[in-house]
Amino acid sequence: MEHKEIRELAAMMQELDLTVLDLNGRGESIRLERGVVNVSTAVSVPTAVTAAAAQAPVREIETADTLELFEVKSPTVGTFYAAPEAGKTPFVEVGVFVRKGDVLCLLEAMKMLNEITAEKDGVIAEICANNNQIVEFGQTLFRIDTSAQ
């Protein structure tokens, strides 16, 4: 693969806000990874959000008006999996303390399973997606209370 092609792939990753890109074909294999600065943002959340009536209930907690939460957002469109396998214990639950790098969920995109990890230490305040739910790019998956360190 030419340097120009790699640079084009890197630019595409930046444009689409992808963190990992694996390509295999024509006797070549390449894996590109990049650090993400703006995947998650800190926001002030006034109260817990309720799930739409058509969906299964989302796990939620009540929060104070001034509580600062760190949002973990989906880096791509895909299927959200709360556990490593069907019937297994979820990676995290509301109220569980997580450290930076801990696996929060799996996101399946294009037949690839991607681990979504905590970017900060804190307590899981809210799980914003349901198991086996299709999530959109930029959709909030988790809210982490970083003040509970």
Heavy atoms only: give me the nearest [X]-[Y] pair and the separation to one decimal.
X	Y	answer
Leu141	Cys105	CD1-SG, 4.4 Å
Val77	Ala109	O-CB, 3.5 Å
Ala83	Pro90	CB-CA, 3.9 Å

**Prompt:** Does one hydrophobic cluster hold both Phe91 and Leu113, with members joined at side-chain heavy-atom distances below 4.5 Å?
**Reply:**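 Yes, same cluster.
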
**Message:** Count I, L, V, M, F, W, Y as connected when their side-chain heavy atoms are under 4.5 Å apart, and connections chain through other members. Are Val135 and Val94 then in the same cluster?
**Reply:**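 Yes, Val135 and Val94 fall within the same hydrophobic cluster.
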
**Item:** Any donor-acceptor N/O pair, Asn131 side chain to Ala82 backbone, under 3.5 Å
**Value:**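 Side chain of Asn131 to backbone of Ala82: a pair is present.
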
**Cationic N near anionic O, under 4.0 Å, Asp121 to Arg99** =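 Arg99 and Asp121: salt-bridged.
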
Find out whether [X] and [Y] are in side-chain contact, i.e. whether some heavy atom of one side chain is under 4.5 Å from a heavy atom of the other.
X	Y	value
Phe70	Arg143	no
Ile144	Ile124	yes
Asn114	Pro75	no
Val98	Val92	yes

**Asked** Are side-chain N/O atoms of Glu71 and Thr140 paired as donor and acceptor at under 3.5 Å?
**Response**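 The criterion, which ignores hydrogens and geometry beyond distance, is satisfied for Thr140 and Glu71.
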
Output the distance between atom [atom1] ([X]) and atom [atom2] ([Y]), rounded to the nearest 0.5 Å.
X	Y	atom1	atom2	value
Phe80	Phe142	CZ	CZ	4.0 Å
Leu104	Glu115	CG	CD	10.0 Å
Asn132	Glu108	CG	CD	9.5 Å
Asp102	Thr117	CG	OG1	8.5 Å
Glu136	Thr76	CD	OG1	9.5 Å
Tyr81	Asn130	OH	CG	13.5 Å

